[in-house]
Amino acid sequence: MTHAATVHSLWTTAAAAPDKIPSPDIEYGQLSPTLIVLGAAIVGVLIEALLPRRQRYVAQVFVSVVALAAAFAAVIGLAAGDYGTSKAHVAAMGAIAVDGPALFLQGTILLVALVAVFTFAERRLDPLVHGNRVDSFAAQAAAVPGGDAEKAAVKAGFTTTEVFPLVLFAVGGMLVFPSANDLLTLFVALEVFSLPLYVLCALARRHRALSQEAAVKYFLLGAFSSAFLLFGIALLYGYAGTVTYSGIADVVDGQVRNVTPALAGTMGNDALLLIGGAMVLMGLLFKIGAVPFHMWTPDVYQGAPTPVTGFMAAATKVAAFGALLRLLYVVLPGLRWDWRPVMWGVAIVTMLGGAIVAVTQTDVKRLLAYSSIAHAGFILAGVIATTPDGVSSVLFYLAAYSFVTLGAFAVVTLVRDAGGEATHLSKWAGLGRRSPLVAAVFAVFLLAFAGIPLTSGFAGKFAVFKAAADGGAGALVVIGVISSAIAAFFYIRVIVLMFFSEPRTDGPSVAVPSPLTSSAIAIGVAVTLVLGVAPQYFLDLASQAGVFVR
Amino acid sequence: MENLIGLLVAAPLLGAALLLCGGRRLDGKGHYIGTVLAAASFVIGAVLFAEMLGRGEHDRALHSKVFSWIPVGGFRADVAFQLDQLSMTFVLLITGVGTLIHIYSIGYMEHDERRRRFFGYLNLFLAAMLLLVLADNYLLLYVGWEGVGLASYLLIGFWQHKPSAATAAKKAFIVNRVGDVGLSIAIMLMFTTFGTFTFAPVLTNVDHASEGKLTAIGLMLLLAACGKSAQVPLQSWLGDAMEGPTPVSALIHAATMVTAGVYLITRSGAIFNAAPDAQTAVVTVGAVTLLFGAIVGCAKDDIKKALAGSTMSQIGYMILAAGLGPIGYVFAIMHLVTHGFFKAGLFLGAGSVMHAMNDEVDMRKYGALRKYMPVTFVTFGLGYLAIIGFPGLSGFWSKDKIIEAAFAKGGTEGWILGGAALLGAAITAYYMTRVMLLTFFGEKRWVPDEAGQEPHPHESPSSMTIPMMVLAVGSVFAGGLFSLNDSFLKWLEPVTGHSHGDSPLSAAAVTGGTMVVLLIGVALAWMQYGRRPVPRTAPRGSLLTRAARRDLLQDDFNHVALVKPGQYLTRGLVYVDHKLVDGVVNGTAAGVGGLSGRLRKLQNGYARTYAVSMFGGTAVLIAATLLMRAV
């Protein structure tokens, strides 16, 4: 068959049977968490359009909190209905998986988002501006920084309450991302949660130029990585003739060999599979912040409004690792002898790179950014285990880590001087003398990052490293422990700085937060300690949830 | 009856708790509380003794389990007491002498503002010592063993404002730790060998253990005994321990605690009987120490240190006797009891003299005190006669038996040990006569104290003299009473066993020989210190005298053999730590820091650089994946 004839026959085949497209069969109930969140986001947009300015804040916060709580309740309901275990299946015409890992990660994302919304809604940290309470976000995002329009907007008491629907859209995408069961859904989810994040990054009220720079960088690099991902998807389609995970997996395993006429030249070509797989992996590693795709992280973490940074650092990581797990465990298990060595390398440079570069950081937010890179490496060690224990340890680690991160960034919002948040480390000297409670709480988070026993960080790290060692990656564990030792240095250094240095006379003051931020921090501490002291229940939960549907 | 055993320990323990936790409220009556509870313990002991005498000699032992202490799987350790004839002997000695010394201390410590605390420590000591001798297993014994060590430490350093006292307390504690390690190792060995450390099963199953293991256990027990009983090579602490108040020296460092080693060896007799090599070590230690202590005692001008040397020497006799095995156990304990009387009496006498002489301890500054302190002179004199073995007094009976038993060991060993014991008797006579002459006879050599106060010696109050009198009575009669019809032998034999050795010399010959050497010793001392005036400052003396003044160079030896190497070792380790360990650590840290500084330059803020990094990363990722397949 000539090339032209092939195209022609495709054309005619498609044209001949339009009525063969089946009508979609959607399990709305099983998708309800995502649907609730996306619905609420649309409600949020309507609120922006219809309600007067003064009422929007309360309405948005209310809608967001209720929607996230309701979605979480829906997740619990699904889990209670055994959708995580015996009834796990692929819903929405093969697009979305409803299984243990998906529900666990969705639950985690929803809780993280709920707590993050508290920090978004905080309005007591800064003094009143023209008699109006202000939050972390620019009065009017479209106004030029420092321009007349901005001044007018500030004077008028404008606030960017659009952040709430933006967060909800992002969360909606994040909920789909780890449960996406075909590559196109994966890509759509990626874009759905990335685009609102780009916007959110640009919304900082202070240091707006830095914030906008961060957003542009994030957008450019994100688009760049999306391109790779998309190209990888195309190659994988060329290889397998399908974009569904199970379909590709079947071809990889050699179970399916039916040749689509149009793809006769490419199907089953391993070069496509390997290159496409690597490119899709790269797209996910970018979101995770793995070396060498990590370089956006410090700049974006530093520039973004701190509540957004906290949300991003916690929730994005959960969603992206979920997608990575599914890709590696469902699509590419037959290929693990190819990707495992490569991932070994990525994990090693990520752990070491993050830890080493963090040593010389002088800004709290950048320090936490590099710390998040190192942690991404630790989690990758669990991913590489390729055992059920590996999955559950990663799930546990993600849950533990995300609350520590949220809490730590929430504390960062409290330490302020005249220029807003005082993120330069030298300003934190002696904080423990002035505000022992805040410093102690931050110390708890740092100890959890460092993986000190009785914090969730230890339980998580132990689970991940144990799974990796059992999975035959002993050398990786050794490097992980070395990296942890390096990382411990800079965490402990901050503690030493806070408690054993003389306070600076021009040092920052600690703002008294509203119950919103307070409760976000309190939840962070509570989760950190509970998962640290009594991790067994949650480890069991994670191991029950550790099986992917295919 | 069994329940009373616990009360023996509980009474002084209660006293210690009350006095140490009671605070200032009890300052006025603390010493009475302490004394009454010590006396109560003695009364309970006496009741139990009377009751024990009423029973047949083979079912005199009582057992009382208080509670299960450490039940872990198959491992069990109980807090349980065993009161047999051996323990009973100690209980009466400890509580009896202990009560007397409590009474004495009321007077002696009258002007000390921390008297309540002093009595608290004394009660603590009594409780721990009673626990030591009443325990029915080695683990509980170890608790008592450490308890007396603690009390001893606290009491030696009681006048902690004096650096010498604080140092002496530390020295005693540290040297004792060496012995304590021995005891703990012995207990561990016992557990691995016998699976238990209760006396009865351990001591009756000795046959099932190899001799090598028993020798190891025996040597470790000996090490423990050396520490607690100030035997060579762990003797160095006892002389310095005299820094403590004199009643403490009398009770702890003469009559009771320092004899714990003898108790330990006698109690573990079955182990030593089956380990001849360990026994040889024990008799060697005993013989060496009895000479060592005696020689040191000859050269000391400090009355308490002279007596301390004497204590060391007398315990050497006991250890020697205990090392002889069944020939000697009974006599070791008998000498222990008589020594408890006369040495406590001597110390109390010394305390009385010091009390009268503005706390002067140098005998060269005493002299002619017999006229001023008649009661002290008489009681001290009786103790003196008892210790040198004057016929008919306590020391005569018990020491003579030990010398006899040493000869009865037989062979060359017997001759050497017997000769050493005999020589020791001569030296004892010499140095005790010296003490007596320097203190109570001759010219007045008194000097004003630091405040310029001339001493006005006077007899001590009755709270001090009465205990001295009681102890003097014991010094005179105890030995004879014990030897009457061999009553002490019959009393203790069911516990320790006894056998008559095959002595190459008749009992009469030994006694005769002892008398001869005794007279020689006394005569020598009289020639040196009785006939001529005694100079206030000590003459330079012979090499041996100078060495003996320095405790036969014990501290110099320890300094060179242990302290110096230890210091060099720690210095070396510190050096290694600083240079090597810290060097590696700091080097690593500097390396990481440098690497970090270089790597962070890659983070230059340009999105294009970041994009290149991503692009390159992806290229490597793809290449690596393909390469994996190619390989």
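Throughout, a chain's letter reflects where its sequence line sits, starting with A, and its residues are numbered from 1.
- Interface remark: of the candidates A/Asp270, A/Val216, A/Leu281, A/Asp270 forms the most heavy-atom pairs closer than 4.5 Å to chain B.
- Checked options B/Leu621, B/Leu627, B/Leu626; the residue passing with A/Val342 is B/Leu621 (criterion: side chain to side chain contact (heavy atoms under 4.5 Å, CB included)).
- Heavy atoms of A/Val346 lying under 4.5 Å from chain B belong exclusively to its side chain.
- Two residues are said to be in side-chain contact when any heavy atoms from C-beta on lie closer than 4.5 Å; A/Phe224 and B/Phe615 meet this criterion.
- Annotation: residues 593-603 of chain B contacts chain A through B/Gly593, B/Leu595, B/Ser596, B/Gly597, B/Leu599, B/Arg600, B/Leu602, B/Gln603 [non-hydrogen atoms, separation under 4.5 Å].
- Rounding to the nearest 0.5 Å gives a distance of 3.0 Å between CG of A/Asp299 and OH of B/Tyr610.
- Atom CZ of A/Phe231 has 12 or fewer heavy atoms from other residues, nucleotides or ligands within 6.0 Å.
- The side-chain heavy atoms of A/Phe489 and B/Val592, taken from C-beta on, include no pair separated by under 4.5 Å.
- The closest side-chain heavy-atom distance from B/Met614 to A/Pro292 is not below 4.5 Å.
- For chain B, the nearby part of A/Tyr370 is the side chain; its heavy atoms alone come within less than 4.5 Å.
- Atom CZ of B/Phe67 has more than 12 heavy atoms from other residues, nucleotides or ligands within 6.0 Å.
- With a 4.5 Å cut-off on side-chain heavy atoms, B/Met628 and A/Arg340 do not count as touching.
- The distance from the CE atom of A/Met279 to the CD1 atom of B/Ile622 is 4.0 Å, given to the nearest 0.5 Å.
- Between the side chain of A/Lys217 and the backbone N or O of B/Tyr606, no donor-acceptor pair lies under 3.5 Å.
- Both the backbone and the side chain of A/Leu274 come within contact range of chain B, each with at least one heavy atom under 4.5 Å from a heavy atom of that chain.
- With a 4.5 angstrom heavy-atom cutoff, A/Leu352 does not touch chain B via any of its atoms.
- Only the side chain of A/Phe286 has a heavy atom closer than 4.5 Å to any heavy atom of chain B.
- Around the CZ atom of A/Phe187, the shell of radius 6.0 Å holds more than 12 heavy atoms that belong to other residues, nucleotides or ligands.
- Between the side chain of B/Thr625 and the backbone N or O of A/Ala278 there is no donor-acceptor pair closer than 3.5 Å.
- Of the atoms belonging to A/Phe228, it is side-chain heavy atoms, and not backbone ones, that fall under 4.5 Å from chain B.
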